[in-house]
Amino acid sequence: MEVPRALVQVAQRARRVVVLTGAGMSAESGLSTFRDPENGLWQRFSAQHLASAAAWDEDPALVWAWYVWRFECVGEVQPNAGHDAIARWSERTDLAVVTQNVDNLHERAGTRSVVHLHGSISAFRCSACERPHAETPVLPDEPVERLAPPRCATCAGLIRPGVVWFGETLPDRAWVDAVAKVSEADLVLVVGTSGIVYPAAGLPAIARSEGAVVVEINPQTTDISDMADLSWRETAARALPALVDAVHDGECP
Ligand code: BJW
Ligand code: ZN
């Protein structure tokens with residue numbers, strides 16, 4: 001596969017690299033994106049009814065069942081060649097992943113520096129007292145529409161998924177780390193995100209204003225495309241291994 005020459009050059013020279021990822025990063029592992037017009041999660045399920053605090057307040061059992069199903073899906077899939085390539089690159093370069101994804105596929109591929117902007121689908125906490133809940137959810141034999149969430153051992157509050165819903169603020173530490181990392185980066189690769197959801201969608205502009213080169217890897221045009229220095233219309237699992245091979249080919253062993 002032909003890797004854009006300008007990208008190989010900038011990637012070889014970059015001392016600090018940030019890879020900002022969205023749902024498209026995990027699509028080739030078999031996880032649905034949110035906004036794909038045919039198969040996206042939002043085509044099949046209503047965002048307002050599942051990914052908001054209002055939905056949780058109205059029908060926690062509906063929301064809990066949906067997240068338990070997605071938690072199970074994440075456990076059934078594997079990191080793809082794109083996750084593996086990023087992990088390989090991170091062994092030789094100062095590289096951090098900043099992800100909007102709630103899966104753990106970057107970590108499972110071996111990348112150590114991963115910032116989760118929208119939380120994690122395998123972290124649970126009490127919706128009342130905020131204490132972490134370490135127990136793995138009990139999975140039903142078949143997908144169900146409603147499932148009663150477990151209760152907190154301390155205050156009997158309902159246990160909720162540790163993800164960030166619409167209208168909720170991002171975890172402070174994650175946001176501060178993400179802004180610091182993109183501000184210090186020479187190259188920010190934006191992979192598999194529609195660039196619609198803020199504040200994460202503002203990170204490429206912050207990076208650019210601080211001097212980084214911004215390169216998008218996405219088969220489709222997105223809200224980031226106009227401001228990116230380069231858009232490579234490829235998928236994550238095809239583009240990233242080719243890029244990392246090309247970067248390492250030019251290095252001393
Ligand atoms: C491939 C590929 C392949 C396919 N290879 N690429 C009005 C009212 C209230 C709030 C707002 C408002 N206006 C704006 C806001 C703020 C709101 C927001 O941005 N809304 C927009 C939709 C307008 N943001 C928030 O509320 C955030 N909090 C916040 O701002 O706090 C301050 C505040 C508080 C109160 C009021 C107002 C402000 C929180 C956002 C939380 C987002 N949460 C979710 C769910 C997480 C949990 C879960 O997983 O269920 O995060 S929503 C969902 O979207 C998820 C994702 O992380 C996020 C981004 O989606 P992503 O990753 O970009 O996926 P897609 O599907 O959109 O795109 C996939 C891309 O991949 C496509 O481009 C494909 O082409 C590509 N692709 N295959 C590479 N193989
Ligand atoms: Zn509690």
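All ligand and atom numbering here is 1-based and tracks the order in the structure. Note that the structure is predicted; figures quoted are calculated from it, not measured.
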Protein residue, atom and distance nearest to atom 23 (C) of ligand 1, heavy-atom basis: Ile196 O, 4.2 Å
Closest approach of any protein heavy atom to atom 28 (N) of ligand 1, naming residue and atom: Glu168 O, 2.7 Å
Under-4.0 Å heavy-atom contact with ligand 1, by part of His118 that carries it: side chain
Heavy atom of Met25, distance to ligand 1 below 4.0 Å: no
For Gly22, atoms of ligand 1 separated by under 4.0 Å from a heavy atom: 62 (O)
Donor-acceptor pair, side chain of Ser26 and main chain of Ala23, under 3.5 angstrom: no
Atom 37 (C) of ligand 1: any protein heavy atom closer than 4.0 Å: no
Atom CG of Asp172 with >12 non-hydrogen neighbours under 6.0 angstrom: no
Geometric N/O contact Glu28 with ligand 1, under 3.5 angstrom: yes
Angle, SG of Cys155 through the Zn ion (ligand 2) to SG of Cys129 - 10° precision: 120°
Nitrogen or oxygen atoms of Phe34 and ligand 1 under 3.5 Å apart: yes
Ligand 1 N/O within reach of Arg70 N/O, cut-off under 3.5 Å: yes
Min N/O separation Tyr198 to ligand 1 under 3.5 Å: yes
Any donor-acceptor pair under 3.5 Å from Glu28 side chain to Ala237 backbone: yes
Shortest reach to atom 60 (O) of ligand 1 by a heavy atom, considering only Gln100, Arg35, Glu234: Arg35
Proximity to ligand 1 by part of Thr193, non-hydrogen separation under 4.0 Å: both
Within-cutoff protein neighbour (heavy atom, under 4.0 Å) for atom 8 (C) of ligand 1: no
Residues Lys181 and Glu210 bridged, charged N to O under 4.0 Å: no
Protein residue, atom and distance nearest to atom 69 (C) of ligand 1, heavy-atom basis: Gly192 O, 3.6 Å
Polar atom proximity, Ser194 to ligand 1 (N or O, under 3.5 Å): yes
Numbered atoms of ligand 1 (with element) below 4.0 Å of Gln220, judged on heavy atoms: 75 (O)
Asn101-ligand 1 polar pair, N/O distance under 3.5 Å: no
Within-cutoff protein neighbour (heavy atom, under 4.0 Å) for atom 21 (C) of ligand 1: yes
Short N or O distance, Pro219 and ligand 1, threshold 3.5 Å exclusive: no
Parallel, tilted or perpendicular: ring planes of Tyr67 versus Trp165, cut at 30 and 60 degrees: tilted
Any protein heavy atom nearer than 4.0 Å to atom 13 (N) of ligand 1: no
Asn218 near ligand 1 by a heavy-atom separation under 4.0 Å: yes
Distance filter under 4.0 Å to Val102 heavy atoms, resulting ligand 1 atoms: 49 (O)
Distance-minimising heavy-atom pair for Leu117 and Leu170: O-CG, 3.4 Å
Short side-chain to backbone donor-acceptor contact, Asp186 and Arg15, under 3.5 Å: yes
His248 side-chain N/O to Asp245 backbone N/O, donor-acceptor pair under 3.5 Å: no
Backbone or side-chain N or O of Val164 under 3.5 Å from ligand 1 N or O: yes
Distance flag for atom 53 (C) of ligand 1, protein heavy atom under 4.0 Å: yes
Mode of Val197 contact toward ligand 1 - side chain, backbone, both, neither (heavy atoms, under 4.0 Å): both
Any donor-acceptor pair under 3.5 Å from Asn101 side chain to Asp103 backbone: no
Under-4.0 Å protein heavy-atom contact, atom 34 (C) of ligand 1: yes
Inter-residue atom distance Glu2.CD - Glu234.CD, 0.5 Å rounding: 11.5 Å
Under-4.0 Å heavy-atom contact with ligand 1, by part of Val163 that carries it: side chain
Glu107 and Arg112 ion-paired at < 4.0 Å: no
Side chain, backbone, both or neither: the part of Tyr67 lying under 4.0 Å from ligand 1 by heavy atom: side chain
Which residue and heavy atom of the protein sit nearest atom 62 (O) of ligand 1, plus the separation: Ala23 N, 2.8 Å
Under 4.0 Å to a heavy atom of Thr222 - the qualifying atoms of ligand 1, by number: 73 (O)
Backbone or side-chain N or O of Pro199 under 3.5 Å from ligand 1 N or O: no
Separation of Cys155 SG from Glu130 CD (nearest 0.5 Å): 10.0 Å
4.0 Å protein heavy-atom contact status of atom 74 (C) of ligand 1, strictly under: yes
Six-ring centre of Trp175, Arg173 cation under 6.0 angstrom, axis tolerance 45°: no
Ser29 side-chain N/O to Leu31 backbone N/O, donor-acceptor pair under 3.5 Å: no
Positive for side-chain contact (heavy atoms from CB on, under 4.5 Å) with Ile159, one of Pro132, Cys126, Pro137: Cys126
Sidechain-backbone polar pair: Arg160 side chain, Val163 backbone, donor-acceptor under 3.5 Å: yes
Donor-acceptor contact below 3.5 Å, side chain Thr222 vs main chain Ile224: yes
Arg233 side chain to Gln220 backbone, donor-acceptor under 3.5 Å: yes
Ligand 1 N/O within reach of Gly195 N/O, cut-off under 3.5 Å: no
Interatomic distance, Thr21 atom OG1 to His116 atom NE2 [nearest 0.5 angstrom]: 8.5 Å
